[in-house]
Protein chains: 2
Amino acid sequence: MRYHKIPDETVRRLPMYLRGLLLCREQGVRDVSSRKLSELLHISPAQIRKDLSYFGAFGTPGVGYDTAKLAKQIRGILKIDTPNKAALVGLGNLGSALLKYPGFGAYGLQISAVFDNDPGKIGKIVKKVKVEDVSKLSTLKNKNIKLGIIAVPASAAQSVADALVKAGIRGILNFAPFYLDVPKKVKVITIDIAMVLARLPYYLPASA
Amino acid sequence: MRYHKIPDETVRRLPMYLRGLLLCREQGVRDVSSRKLSELLHISPAQIRKDLSYFGAFGTPGVGYDTAKLAKQIRGILKIDTPNKAALVGLGNLGSALLKYPGFGAYGLQISAVFDNDPGKIGKIVKKVKVEDVSKLSTLKNKNIKLGIIAVPASAAQSVADALVKAGIRGILNFAPFYLDVPKKVKVITIDIAMVLARLPYYLPASA
DNA sequence: TAAAGTTTGTGATTGAGTTCTCAATCACCA
DNA sequence: TGGTGATTGAGAACTCAATCACAAACTTTA
């Protein structure tokens with residue numbers, strides 16, 4: 001299966017597999033079968049095997065997958081085997097929370113530049129990172145930072161995105177409720193938290 | 001098309017349509033065609049029409065959709081035409097940001113109860129809501145709150161989910177990187193922010 | 001070494017969701 | 001009032017993803 005186009009859905013699940021593998025390793029499990037991983041992640045065993053098969057044959061029939069080895073492979077596929085630096089734009093409530101969020105480390109991600117337009121915040125040092133003025137976004141070019149996180153109001157999101165693209169950013173995680181118009185070479189993933197929550201009442205039973 | 005099973009993907013897009021319609025209304029646009037909405041949201045016109053057709057015929061051939069009328073319809077479908085109260089558990093960095101997040105109002109959502117296990121936070125009043133001890137989660141039963149937001153560490157997520165379910169919660173928005181085991185009647189949507197960001201490097205061009 | 005028991009990897013199948021297409025409908029205008 | 005142009009709604013066709021099912025590969029046991 002190695003030479004096929006990879007479904008986006010498969011890429012979306014790869015970090016889940018990595019999480020499951022790390023969980024197994026913590027518990028000292030050396031080998032894990034697709035069935036056991038399935039119980040942990042609630043993704044079907046066949047789905048797991050098919051997803052992995054797109055990239056090669058990592059398992060051993062009768063045994064399963066070597067947790068350490070497979071974790072390394074997946075990290076390689078996701079290109080997170082070497083650390084990735086990210087720039088955060090917007091140090092409001094959400095931006096601050098993201099900056100302090102401890103979960104990025106497990107995936108080799110590090111926020112190593114922060115920008116805001118509030119003079120009261122510029123110059124401050126949070127989490128060992130100095131807050132810079134958004135007008136300085138262009139300096140990212142020299143820092144080999146390819147990922148950007150947008151945590152600004154919707155009205156400013158597009159202009160921030162434009163600046164990020166101009167600064168050489170190639171992947172954007174966008175929290176603003178707004179479609180970002182960027183060149184095709186730039187990958188954008190948008191998370192609109194309110195919109196996700198807005199979907200929950202639909203599933204509530206009809207009776208109050 | 002009114003009597004078919006609704007695809008989950010369609011439900012996921014409904015809030016986007018609502019956002020687009022609100023945007024149009026702000027600009028004083030009375031009627032909008034599926035083509036114009038498409039340009040705004042980057043969802044194909046056919047997709048928009050098909051999604052809406054699952055619930056009825058809301059448009060006028062040759063004209064398009066009445067923005068005010070359609071917005072009202074969608075709110076009804078999503079059951080956000082009357083306000084929905086939500087309980088937030090976990091007032092860490094992310095929880096605090098969520099509590100202050102202004103975006104929920106547009107979807108009729110309101111965080112009207114907050115819980116934490118930190119004695120230093122319990123009793124405080126944030127955004128007019130008094131922070132309560134997590135052991136008081138059961139009091140939700142009397143408050144007609146059906147939605148819960150979990151913003152606690154992964155290690156505590158399952159026990160919080162159990163407590164929420166016991167308190168009558170029927171929909172959960174989970175930010176912990178963990179699969180939550182809940183009864184089928186409870187709908188869970190998980191957002192693992194780190195995991196989403198971890199997917200971006202995959203799309204970066206091969207050369208550094 | 002042979003037989004029994006697991007589990008992988010993948011072609012075949014099924015299913016879900018998207019796009020195509022066009023008849024039907026409506027506004028506008030001469 | 002009849003013709004023109006725009007747009008909806010929905011069946012049909014298509015595309016993409018998930019599941020099935022099984023041969024091949026490996027471990028274990030005797």
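In what follows, chains carry the letters A, B, and so on, assigned in the order in which the sequence lines appear, proteins first and then strands, with residues in each chain numbered from 1. The model shown is predicted, which means the values in this text are computed figures rather than measured ones.
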| said: Looking at B:Lys136, I want to see if its NZ is surrounded by more than 12 non-hydrogen atoms of other residues, nucleotides or ligands under 6.0 Å. | reply: no

| task | Return yes when atom NZ of B:Lys79 has more than 12 non-hydrogen atoms of other residues, nucleotides or ligands closer than 6.0 Å, and no otherwise. | result |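 Counting other residues, nucleotides and ligands, NZ of B:Lys79 exceeds 12 neighbours.
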
| query | 5'-most contact on DNA chain D: A:Pro61 or B:Gly59, nearest heavy atom basis? | reply | B:Gly59

| said: Can you tell me how far apart CG (B:Leu88) and NZ (B:Lys127) are? Round to the nearest 0.5 Å. | reply: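 One gets 13.0 Å once the value is rounded to the nearest 0.5 Å.
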
| query | Taking atom OG of A:Ser155 and atom CZ of A:Phe178, what is their separation to the nearest 0.5 Å? | reply |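 Going from OG on A:Ser155 over to CZ on A:Phe178, the span is 9.0 Å.
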
| Counting N and O atoms only, with roles assigned by atom type, does the side chain of B:Ser138 sit under 3.5 Å from a partner on the main chain of B:Ala167, one being a donor and the other an acceptor? |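 Side chain of B:Ser138 to backbone of B:Ala167: no pair is present.
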
| task | Could you pull out the closest heavy-atom pair between B:Ile77 and A:Tyr202, with the gap in Å? | result |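 Closest heavy-atom pair between B:Ile77 and A:Tyr202: O-CD1, 3.3 Å.
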
| Shortest non-hydrogen contact from A:Arg13 to A:Asp51? |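 A:Arg13 and A:Asp51 have their closest heavy atoms at NE-OD2, 2.6 Å.
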
| message | Near DNA chain D, counting only heavy atoms under 4.0 Å, which residues of residues 27-41 of chain B show up? | response | B:Ser33, B:Ser34, B:Arg35

| query | How is the base pairing of DNA chain D summarised as a dot-bracket string, given the Watson-Crick and G-U wobble criteria with both distances under 3.5 Å, [ ] for crossing and | for another strand? | reply | ||||||||||||||||||||||||||||||

| query | Under a 4.5 Å cut-off applied to non-hydrogen side-chain atoms, are B:Lys69 and B:Phe58 in contact? | reply |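 No, too far: nothing below the 4.5 Å cut-off.
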
| request: Answer yes or no: is there a side-chain heavy-atom contact under 4.5 Å between B:Val152 and B:Val134? | output: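 No; the side chains remain at least 4.5 Å from each other.
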
| Within residues 62-72 of chain A: residues closer than 4.0 Å to DNA chain C (heavy atoms) | A:Gly62, A:Val63, A:Gly64, A:Tyr65

| Residue of the set B:Ile43, B:Leu70, B:Leu78, B:Leu22 for which side-chain contact (heavy atoms from CB on, under 4.5 Å) holds with B:Tyr17 |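 The option that passes is B:Ile43.
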
| Is A:Arg12 paired with A:Glu9 through a side-chain N to carboxylate O contact shorter than 4.0 Å? |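 Yes, charged N to carboxylate O under 4.0 Å.
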
Residues 95-114 of chain A side chain polar contacts: donor-acceptor under 3.5 Å, at least two apart:
residue: A:Ser96; atom: OG; partner: A:Leu91; partner atom: O; Å: 3.4
residue: A:Ser96; atom: OG; partner: A:Gly92; partner atom: O; Å: 2.7

| query | Once each nucleotide of nucleotides 12-22 of chain D is scored for protein heavy atoms under 4.0 Å, what B/S/- sequence comes out, 5' to 3'? | reply | B----SSBBB-

| message | Run the ring pair (Phe, Tyr, Trp, His ring centres under 6.0 Å) test against A:Tyr179 and tell me which residues pass, sequence neighbours left out. | response | B:His42

For [X] and [N], what is the distance between atoms [atom1] and [atom2] respectively, to the nearest whole Å?
{"X": "B:Phe58", "N": "D:dG9", "atom1": "CZ", "atom2": "C1'", "value": "12 Å"}
{"X": "B:Phe55", "N": "D:dT8", "atom1": "CZ", "atom2": "C1'", "value": "17 Å"}
{"X": "A:Gln73", "N": "C:dG9", "atom1": "CD", "atom2": "P", "value": "11 Å"}

